[in-house]
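Because only heavy atoms are used, hydrogens play no part in the values below, and waters and symmetry mates are left out as well, while side chains stay in. Note that the numbering runs from 1 along the sequence shown for the chain. Since the model is a prediction, treat every value here as computed from it, not as a measurement.
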Amino acid sequence: MGKSKRNTPKPDSNRAQRLAERRAEQASRGVTRPFEGLAAECDLVALREFVPSATATLQTAPGFAAKRPVTLATVLPGAVAALVRAAAEPIGFVAAQVQFQSENPAADLAAAIAWTQITEPGESLNSAADADPVAEALTEVIDPNAALDLTVHQDFNWWVPEGVQPDPQVAATIEQANQAIMPSDRLHLDADAIGAAWWVDAGEKAHLRWVRPEDEDALMLALARLHTSGGLHLGEGSRFAGSFRTHGLLVPVFDLDRERHATEWVKPATEFGARLSEALATDAPLTPDERRSRDGLRSRQVTLR
């Protein structure tokens, strides 16, 4: 999709000094919840951690001077941070999953987006740390109130513009990626649904990973209440598998019957979401059984980053 541009500055240049200072600053201010304050927080976390192939055109913030549209993608060829696709109307692409990253993925994404606005079509950016100029906060680059209008792909054919014949090496790379992809989809729940629920067919079984924005401790207590009352499930063919923490959020995971299509889990997930909301609204002290459930659920929890 673009030729590599490493943007490597000369060691004694002013730009080299600025980049070194930025890297040091980002390394010292690693954030626990980098996408907090964004309506798209839960989907951004999902795209970074486990969604194979999806894209969304970003809505830039009102004060951000965008001269070309920017598409957020799960991953780009070569796991680069960004590229600008050459076309009659060039399009910027930025990636959620990258090869090189700092301790602040929101800052990386903001820098990559800003880079797409000043770069010549056909170029790619290996690392957001090499982007210039220094970007603003992500909430000042993309509209913090805008959700992601996602397109979920079951392949990586979108790496090449429609109507363009890729060279043999690129075609082979796409074919290899397509063979490894796991079918995935985002569940479209009702308007009151909270978080981002993603289904994936992992082979022997399917899973539902539901990225939730609530306080981790409060969510864990609610899950414990449901576990004790027998409500921690998505109905027949499902089993609560545990949870993991990532980017400051808790993600409950369910094992599912893979013979059922993703859309068949919308109703059970909606019902579970209602039960979870009720449990979250309960402020009564935990019973002894609920405390045991909480301790058991915590012992099975994994932290990714």
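Environment of NE2 in His153: crowded, with over 12 heavy atoms of neighbouring residues, nucleotides or ligands closer than 6.0 Å. Residue Asp289 places its CG atom among more than 12 non-hydrogen atoms of other residues, nucleotides or ligands, all under 6.0 Å distant.
When atom types are taken as modelled, the side chain of Gln97 and the backbone of Leu47 share a donor-acceptor pair closer than 3.5 angstrom. Distance alone, capped at 3.5 Å, is enough to place a donor-acceptor pair between the Gln154 side chain and the Ser184 backbone. Counting only distance, with no hydrogens or angles, the side chain of Asp255 and the backbone of Ala241 share no donor-acceptor pair below 3.5 Å. Looking at Thr74, its side chain does come within 3.5 Å of a backbone N or O of Pro52 through a donor-acceptor pair. For the pair Ser53 (side chain) and Asp155 (backbone), a donor-acceptor distance under 3.5 Å is present. At distances below 3.5 Å, at least one donor-acceptor pair connects side-chain atoms of Arg68 with backbone N or O atoms of Thr116. Not one N or O on the side chain of Asp201 forms a donor-acceptor pair closer than 3.5 Å with the backbone of Ala206. When atom types are taken as modelled, the side chain of Glu214 and the backbone of Gly195 share no donor-acceptor pair closer than 3.5 angstrom. With Thr71 contributing its side chain and Pro69 its backbone, the two residues share no donor-acceptor pair below 3.5 Å. A donor-acceptor pair is defined here as one N or O able to donate and one able to accept, closer than 3.5 Å; such a pair exists between the side chain of Gln117 and the backbone of Lys67.
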*Could you go step by step and tell me if Glu271 and Lys267 meet the side chain to side chain contact (heavy atoms under 4.5 Å, CB included) rule?*
CA-CA 6 Å; Glu271 293 171 349; Lys267 185 174 184 293; 2.5 Å; yes
*Assess whether side chain to side chain contact (heavy atoms under 4.5 Å, CB included) is satisfied between Arg186 and Asp43, documenting all intermediate values.*
CA-CA 9 Å; Arg186 191 189 192 283; Asp43 277 314; 2.8 Å; yes
*side chain to side chain contact (heavy atoms under 4.5 Å, CB included) between His247 and Glu49, worked out*: CA-CA 9 Å; His247 298 306; Glu49 293 303 323; 3.0 Å; yes
*Derivation of the side chain to side chain contact (heavy atoms under 4.5 Å, CB included) call for Leu276 and Arg212*: CA-CA 11 Å; Leu276 184 58; Arg212 303 286 305 195; 3.6 Å; yes
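Here the closest heavy-atom approach between residue Ala112 and residue Ala81 is recorded as CB-O, 4.0 Å. The nearest pair of heavy atoms linking Phe240 to Val253 is CD1-O, 3.6 Å. The two residues Ala131 and Ala111 make their nearest non-hydrogen contact at CB-O, 3.7 Å. Across all their heavy atoms, Val98 and Ala95 have their closest contact at CG1-O, 3.7 Å. Here the closest heavy-atom approach between residue Lys205 and residue Leu256 is recorded as CB-O, 3.9 Å. Summarising the geometry of Phe64 relative to Ala114, their closest heavy-atom pair is CZ-CA, 4.1 Å, with the distance given to 0.1 Å.
Here CD1 of Ile194 is found 8.5 Å from CH2 of Trp210. Values are rounded to the nearest 0.5 Å. Atom CG of Leu223 and atom CG of Leu297 lie 6.5 Å apart (nearest 0.5 Å). Separation of atoms OG1 (Thr270) and CH2 (Trp265) is listed at 13.0 Å; rounding is to 0.5 Å. Residue Ile118 holds its CD1 atom at 11.5 Å from CD of Glu123, rounded to the nearest 0.5 Å. Interatomic distance, Asp283 CG to Leu221 CG, rounded to the nearest 0.5 Å: 11.5 Å. In this structure, the separation between CZ on Phe93 and CD1 on Ile113 is 13.5 Å, given to the nearest 0.5 Å.
Hydrophobic clustering, with ILVMFWY side chains joined whenever heavy atoms are under 4.5 angstrom apart, keeps Val152 apart from Leu189. One hydrophobic cluster, built from ILVMFWY side chains closer than 4.5 Å, holds both Trp158 and Ile174. Side-chain heavy atoms closer than 4.5 Å link hydrophobic residues (I, L, V, M, F, W, Y) into clusters, and following such links, possibly through other members, connects Val45 to Val302. Linking Ile, Leu, Val, Met, Phe, Trp and Tyr residues whenever their side-chain heavy atoms come within less than 4.5 Å leaves Phe50 and Leu208 in two separate clusters. Tracing side-chain contacts under 4.5 Å through hydrophobic residues (I, L, V, M, F, W, Y), one never reaches Phe244 starting from Leu232; they form parts of separate clusters.
Ring planes of Trp199 and His261: parallel class, angle under 30° (limits at 30 and 60°).
Side-chain contact between Leu58 and Leu148 is present, with heavy atoms from C-beta onward closer than 4.5 Å. Side-chain atoms of Arg225 and Leu286, non-hydrogen and from C-beta on, do get closer than 4.5 Å to each other. Using a 4.5 Å heavy-atom cutoff, the side chains of Ser243 and Val251 are not in contact. Between Gln301 and Leu250 there is a side-chain heavy-atom pair separated by less than 4.5 Å. For the pair Gln101 and Arg48, the minimum side-chain heavy-atom distance is below 4.5 Å. For the pair Val170 and Pro77, the minimum side-chain heavy-atom distance is 4.5 Å or more. A 4.5 Å side-chain heavy-atom check between Thr119 and Leu125 finds every atom pair outside the cut-off. Here the side chains of Ile142 and Leu72 are not in contact, with every heavy-atom distance at 4.5 Å or above.
A salt bridge does not link Arg294 to Glu290: none of the charged side-chain nitrogens sits closer than 4.0 Å to a carboxylate oxygen. Salt-bridge check for Glu41 with Arg33: passed, with a basic side-chain N closer than 4.0 Å to an acidic carboxylate O.
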